[in-house]
Amino acid sequence: SPDRSPRSSERVPKIYTKTGDAGFSSTFTGERRPKGDQIFEALGATDELSSAIGLAGEFSSEKGHTFVEQLHKVQCTLQDVGSSIATPLSSAREAHLKRTAFSERPVLELEHWIDSYSEQLPPLRAFILPSGGRSSAALHFCRAVCRRAERRVVPLVQAGEADPNVAKYLNRLSDYLFVLARYAAMKEGREEKIYRRPE
């Protein structure tokens, strides 16, 4: 049988680098920081959020929801959020800032989406529990992860290490995910469970 091993010029890079074995990792600016640093906590929460949104997108796609393209766009924007977080302002040079700047445009887009879905939803009359079918429940889970990502980013903004637009984006994104969860339940004709005080 023919030799299927890649030629030396076509070698696939290894997935592991071993550079973080001592408990440190690098920012985009080349700084080495402990893996427990606030920057890596924020990056990890943002990555987890994108993964959760990917799962919610798969459930929503199975149901034929047209907002799946928006969720994909959000995942792409979260990559930009990560780039911005990984470029601490205290050590960033002008070239870094140019590459990883995060504008207010995605925030405004989310606000437009939120308004559009909100207009179609019945008014909230009670506290809603995460429910309403798989798409809706998965989107509620995304919202909770998003809130955590926001909590990890806010201290970085307050310390002057991250762009305020990143925190603003995550704040609006959690609102968007909440509204979208309700919209998914409505479109699927699924009941949203409401909070009732235990007897």
Side-chain angles (χ1 to χ4, degrees), residues 15 38-86 100 102-154 156-157 162-163 165-196:
I15 199 77
Q38 283 184 315
I39 283 176
F40 300 122
E41 285 288 342
L43 281 173
T46 305
D47 182 35
E48 191 177 339
L49 173 58
S50 183
S51 299
I53 288 173
L55 184 61
E58 290 300 320
F59 289 150
S60 301
S61 184
E62 287 169 9
K63 291 294 184 180
H65 288 296
T66 55
F67 58 72
V68 172
E69 276 306 308
Q70 288 180 353
L71 291 178
H72 181 249
K73 190 168 187 181
V74 166
Q75 285 183 295
C76 292
T77 304
L78 287 174
Q79 289 294 116
D80 297 333
V81 164
S83 296
S84 184
I85 292 168
T100 61
F102 194 84
S103 78
E104 198 181 16
R105 195 180 309 131
V107 178
L108 299 175
E109 184 172 51
L110 282 178
E111 289 176 354
H112 173 70
W113 291 348
I114 290 166
D115 291 344
S116 173
Y117 290 117
S118 295
E119 287 167 7
Q120 302 175 62
L121 290 170
L124 267 176
R125 303 198 188 284
F127 185 84
I128 291 171
L129 302 173
S131 57
R134 283 205 305 182
S135 304
S136 179
L139 288 162
H140 276 294
F141 178 70
C142 293
R143 174 192 51 79
V145 176
C146 187
R147 285 289 190 203
R148 178 154 49 83
E150 182 189 2
R151 290 194 302 272
R152 297 292 187 268
V153 166
V154 165
L156 295 173
V157 172
D163 189 322
N165 280 329
V166 169
K168 200 185 285 189
Y169 180 79
L170 292 171
N171 180 272
R172 296 303 186 284
L173 181 55
S174 63
D175 292 336
Y176 166 75
L177 292 166
F178 176 74
V179 168
L180 200 62
R182 295 199 65 214
Y183 178 81
M186 182 186 75
K187 292 299 276 187
E188 291 179 26
R190 303 293 295 263
E191 184 187 356
E192 293 178 294
K193 293 183 176 67
I194 62 168
Y195 166 75
R196 289 189 179 86

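Here the structure is a predicted model, which is why all the values come from computation and not from measurement.
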Residue pair Leu110 / Val107, side-chain heavy-atom distance below 4.5 Å
no
Side chain to side chain contact (heavy atoms under 4.5 Å, CB included) partners for Glu62, two or more places apart
Phe59, Arg134
Counting C-beta onward and ignoring hydrogens, is there a side-chain heavy-atom pair between Leu177 and His140 closer than 4.5 Å?
no
About how many Å separate CG of Leu108 and CZ of Arg105, when rounded to the nearest 0.5 Å?
9.0 Å
Does Ser136 reach the main-chain N or O of Ser131 with its side chain, forming a donor-acceptor pair under 3.5 Å?
yes
Donor-acceptor check, side chain of Ser50 to backbone of Thr46, threshold 3.5 angstrom: yes or no?
no
Around atom CZ of Arg148, are there more than 12 heavy atoms of other residues, nucleotides or ligands at under 6.0 Å?
yes
Counting distance only, does the side-chain N/O of Gln120 pair as donor-acceptor with the main-chain N or O of Ser116 below 3.5 Å?
yes
With sequence neighbours left out, the residues meeting salt bridge (Lys or Arg N to Asp or Glu O under 4.0 Å) with Lys73 are Glu109
Using atom types as modelled and distance alone, determine if a side-chain donor or acceptor of Arg182 lies under 3.5 Å from a backbone N or O of Pro122.
yes
To the nearest 0.5 Å, what is the distance between CZ on Arg172 and CG on Asp175?
7.0 Å
Does the plane of the ring in Tyr117 sit parallel, tilted or perpendicular to the ring in Tyr176? Use 30° and 60° as the thresholds.
tilted
Could you state the interatomic distance from CG (Leu43) to OG (Ser84), rounded to the nearest 0.5 Å?
10.0 Å
Classify the side-chain pair Glu188/Ser135 by whether it contains a donor and acceptor separated by less than 3.5 Å.
yes
For the residue pair Leu71 and Leu180, establish whether any side-chain heavy-atom pair is separated by less than 4.5 Å.
yes
Is there side-chain contact between Leu173 and Thr77, with heavy atoms separated by less than 4.5 Å?
no
Would Glu104 and Asn165 count as having a side-chain donor-acceptor pair, cut-off 3.5 Å?
no
Can you find a pair of side-chain heavy atoms, one from Asp80 and one from Tyr169, that are under 4.5 Å apart?
no
Give, for atom OG of Ser61 and atom CZ of Phe67, the distance between the pair rounded to the nearest 0.5 Å.
9.5 Å
How about OH on Tyr195, more than 12 heavy atoms from neighbouring residues, nucleotides or ligands closer than 6.0 Å, or not?
yes
What are the two closest heavy atoms between Ala167 and Val157, and how far apart are they?
CB-CG2, 3.9 Å
What are the two closest heavy atoms between Glu192 and Ala185, and how far apart are they?
CG-CB, 3.9 Å
Under a 4.5 Å cut-off applied to non-hydrogen side-chain atoms, are Trp113 and Asp115 in contact?
no
For a side chain to side chain contact (heavy atoms under 4.5 Å, CB included) check, start with the C-alpha distance between Val153 and Val81, then their side-chain angles and the critical distance, and finish with the verdict.
CA-CA 10 Å; Val153 166; Val81 164; 5.6 Å; no
For residues Arg152 and Ala45, report the shortest heavy-atom separation together with the two atoms involved.
CG-CB, 4.1 Å
Does the side chain of Val166 come within less than 4.5 Å of Leu156's, by heavy atoms?
no
Answer yes or no: is there a side-chain heavy-atom contact under 4.5 Å between Leu49 and Leu170?
yes
To the nearest 0.5 Å, tell me how far Leu139 CG sits from Tyr183 OH.
12.5 Å
